[in-house]
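Each chain gets a letter, A, B and so on, in the order its sequence line appears, and its residues count up from 1.
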Number of protein chains: 2
Amino acid sequence: MRARIEDVAQAAGVSMTTVSRVFNKEPNVREKTRLKVEAAAQALDYRPNPSARSLAGNRSYLISLVYDDPAAASSYIMEIIVGMLVACERQRYSAMLRPLEYSNADHVRAVEESIAQYRPDGLILVPPFADDLKLLRRLDALGVRYATISAKAKLGHARIGTILDERKAAAEMIAHAVELGHRRIAHIAGPPLHGGRAWRLAGYRDGLRRAGIAYDAKLVVDGGFTFDDGVAGTRQLLDLKHPPTAIFAANDDSACGVMHEAFERGLRVPQDVSVFGFDDTPASRQIWPSLTTVRQPCREMGRIAAEQLLAAIRDPQAGALVRVPYELMIRQSGGPAPAAAKRR
Amino acid sequence: MRARIEDVAQAAGVSMTTVSRVFNKEPNVREKTRLKVEAAAQALDYRPNPSARSLAGNRSYLISLVYDDPAAASSYIMEIIVGMLVACERQRYSAMLRPLEYSNADHVRAVEESIAQYRPDGLILVPPFADDLKLLRRLDALGVRYATISAKAKLGHARIGTILDERKAAAEMIAHAVELGHRRIAHIAGPPLHGGRAWRLAGYRDGLRRAGIAYDAKLVVDGGFTFDDGVAGTRQLLDLKHPPTAIFAANDDSACGVMHEAFERGLRVPQDVSVFGFDDTPASRQIWPSLTTVRQPCREMGRIAAEQLLAAIRDPQAGALVRVPYELMIRQSGGPAPAAAKRR
DNA sequence: TTGTACGCGTTATCAT
DNA sequence: ATGATAACGCGTACAA
């Protein structure tokens with residue numbers, strides 16, 4: 001049978017309480033005592049029993065990642081998970097995944113249900129959950145701690161998590177397109193409920209304004225974050241009387257759709273039309289031509305969000321909203337604007 | 001405070017034991033009693049405390065997915081996770097993720113460490129872990145239950161999990177290429193340790209044999225499952241005096257690399273060279289031209305592996321190795337062999 | 001700084 | 001078919 005705390009206490013010649021103190025890094029333990037305990041624990045290969053710990057401590061030592069199910073297989077989520085796992089491991093926490101269907105009307109109940117069953121000590125929310133005021137308010141009311149990733153909502157006593165200046169990133173992307181000589185730059189916007197939509201759209205407009213290019217509503221189409229949204233948006237845009245020479249998609253999946261539709265029409269990228277994305281998914285490096293896009297440090301975002309959440313769990317005063325850096329990844333899908341278009 | 005089993009017992013006018021029996025679907029409970037208990041539980045919104053359950057039951061109600069970290073963001077793993085979660089939820093189990101670096105010499109210890117810490121009731125292993133005899137033997141010795149996905153190894157008292165006839169699938173892919181008129185068909189093989197490498201390579205040879213095409217060692221290059229492996233392999237193949245007219249990559253990531261390198265050289269796909277993959281990742285639909293490949297039902301595989309594992313946990317006699325179907329996804333990356341090549 | 005003793009909520013054992 | 005009670009292994013008041 002496995003060593004218990006009692007065995008360690010006996011071997012070290014101290015009480016169970018002292019062993020507990022050592023393992024939980026509590027103060028008021030003499031260095032010498034601690035070393036004794038650690039040696040005994042090592043010798044017995046002792047590991048605290050997580051269930052017993054939870055039961056006695058009235059905590060689950062568990063945090064839960066809530067994300068939208070259709071996006072369940074996106075590399076965005078996967079990277080966040082990996083980062084989250086890193087943070088959890090370091091602090092003897094576990095991570096749990098809750099892919100829920102956001103489109104279900106009762107997704108708030110689904111989250112509550114999940115909390116009731118598994119009793120996580122905290123939640124990490126990504127969009128669109130991170131932007132759902134009804135959900136956030138409910139969590140606040142329930143006293144459930146949470147961290148958000150890329151949330152537009154400004155709710156909660158202590159708003160914690162990570163954020164990235166998507167607006168500035170988008171503006172920079174447009175500046176890059178302008179530098180390449182583009183004037184007719186279109187945007188396929190993200191889904192209505194994501195903060196990302198508003199930020200990237202605002203950044204797009206910022207970029208145009210700074211370049212002295214008038215905003216043309218015809219060049220902005222509603223879209224989403226999927227490949228098909230990119231295809232549909234591109235159809236609209238390329239059917240225009242004066243089609244754009246560059247298309248900035250709301251994210252990489254959508255940008256792949258843009259390229260797909262462009263190719264379907266026999267256009268070349270970037271010679272005939274330049275394409276820009278957002279996210280830097282693995283696919284953005286693998287497609288041809290490789291996609292110029294904005295990198296979000298998803299793994300770091302997951303790790304940081306978890307760290308801030310765990311800090312807040314330990315101490316309600318702790319935890320912050322951490323801004324993480326983006327990076328423009330200049331690849332091959334963006335090229336000089338076609339001469340013909342320039343002359344128009 | 002939350003309702004405990006005692007509260008439910010009192011409300012229903014029965015003992016705690018009976019409530020426990022009802023919740024665990026044990027026999028020897030009168031229908032009438034069960035209904036009483038269920039009504040009381042419903043009224044009190046009672047949820048069993050997982051920690052208490054684990055502690056008293058000496059089980060963690062937790063299964064762990066072990067996979068290679070570099071592949072952490074692959075859609076293959078993501079889909080498996082989703083399937084696994086579905087199975088767990090249905091049986092009141094939790095799922096935990098263990099991305100470990102297989103290339104680390106002590107990955108067996110890393111697995112043991114993870115088991116010691118979190119005490120999962122079972123493991124799900126994917127390649128290359130599923131093929132690691134040393135690991136499997138160690139787990140057998142420790143009495144740890146596990147299910148494998150796509151393992152070539154035939155170990156364990158009760159070998160359980162899922163398997164797919166990759167060899168037959170690969171042969172079918174080659175048959176498809178032959179139908180398109182290809183005779184010089186190359187293969188970029190998978191990484192040495194994966195069962196997938198051997199199966200897909202064997203299927204490739206089967207396919208050639210059936211078409212009466214002599215095996216040419218020059219047309220088979222060592223590779224791996226990454227984009228870069230595809231690029232490197234394609235360089236070798238296209239530098240050949242008699243380059244192939246079709247390239248069958250070990251998987252989709254690698255196939256993307258093949259296409260990338262072909263485009264770099266100014267070749268057209270599929271007019272100049274046809275490309276075939278394996279896995280049906282999301283990217284295979286998004287790239288241009290879309291990739292002809294073999295679909296593996298990863299989500300189902302994850303679900304089934306978890307189900308078999310849970311069955312085996314409950315009853316050591318239970319659990320089986322379930323064969324799942326593949327599907328040829330004919331898309332645009334495969335086309336008729338170039339006339340010039342045919343004449344050679 | 002260290003130790004004693006109780007309680008966390010459930011399952012398992014053994015009666016009845 | 002149902003119930004009483006002792007574990008399960010740890011955290012935490014409280015005492016020393």
Members of residues 30-47 of chain A that approach DNA chain C, where some heavy atom sits under 4.0 Å away =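 Here the set is A:R30, A:T33.
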Distance-only, no hydrogens or angles: does the [X] side chain make a donor-acceptor pair with backbone N or O of [Y] under 3.5 Å?
X: B:D131; Y: B:P128; answer: no
X: B:S54; Y: B:R59; answer: yes
X: B:S60; Y: B:D121; answer: yes

Can you tell me how far [atom2] of [N] sits from [atom1] of [X], to the nearest Å?
X: B:R53; N: D:dC10; atom1: CZ; atom2: P; value: 20 Å
X: B:Y118; N: D:dG9; atom1: OH; atom2: P; value: 20 Å
X: B:E6; N: D:dA6; atom1: CD; atom2: P; value: 15 Å
X: A:R2; N: D:dC10; atom1: CZ; atom2: P; value: 11 Å
X: B:M16; N: D:dA4; atom1: CE; atom2: C1'; value: 10 Å
X: B:F23; N: C:dG9; atom1: CZ; atom2: P; value: 15 Å
X: A:R92; N: D:dG9; atom1: CZ; atom2: P; value: 17 Å
X: A:E26; N: D:dC10; atom1: CD; atom2: P; value: 15 Å

Contact class for A:N28 vs. all strands (heavy atom < 4.0 Å): base, sugar-phosphate, or nothing?
-> base
Scan B:T17 against the nucleic acid and name what it touches under 4.0 Å (heavy atoms): base, sugar-phosphate only, or nothing.
->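 Base: the residue B:T17, judged by heavy atoms under 4.0 Å, touches a nucleobase.
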Which atom pair, heavy atoms only, marks the closest approach of A:I160 to A:G319?
-> CG2-C, 3.3 Å
Can you measure from CE (B:M84) to CG (B:L97) and round to the nearest 0.5 angstrom?
-> 6.5 Å
Starting the side chain at C-beta, find the nucleotide from [options] nearest to [X].
X: B:N49; options: D:dG11, C:dT10, C:dG3; result: C:dT10
X: A:L55; options: C:dA12, C:dT2, C:dC8; result: C:dC8
X: A:A56; options: C:dC8, D:dC8, C:dG3; result: C:dC8
X: B:R4; options: D:dT12, C:dT10, D:dC10; result: C:dT10

Test item: side-chain donor near acceptor, B:S20 and B:T17, under 3.5 Å | no
Is a side-chain donor-acceptor pair under 3.5 Å present for A:D140 with A:Y146?
-> yes
N/O (side chain, A:S20) to phosphate O (OP1/OP2, D:dG11) under 4.0 Å |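 Checking D:dG11 against A:S20, a side-chain N or O does come within under 4.0 Å of OP1 or OP2.
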Counting only distance, no hydrogens or angles, is the base of D:dG3 paired donor-acceptor with the side chain of B:R21 under 3.5 Å?
-> yes
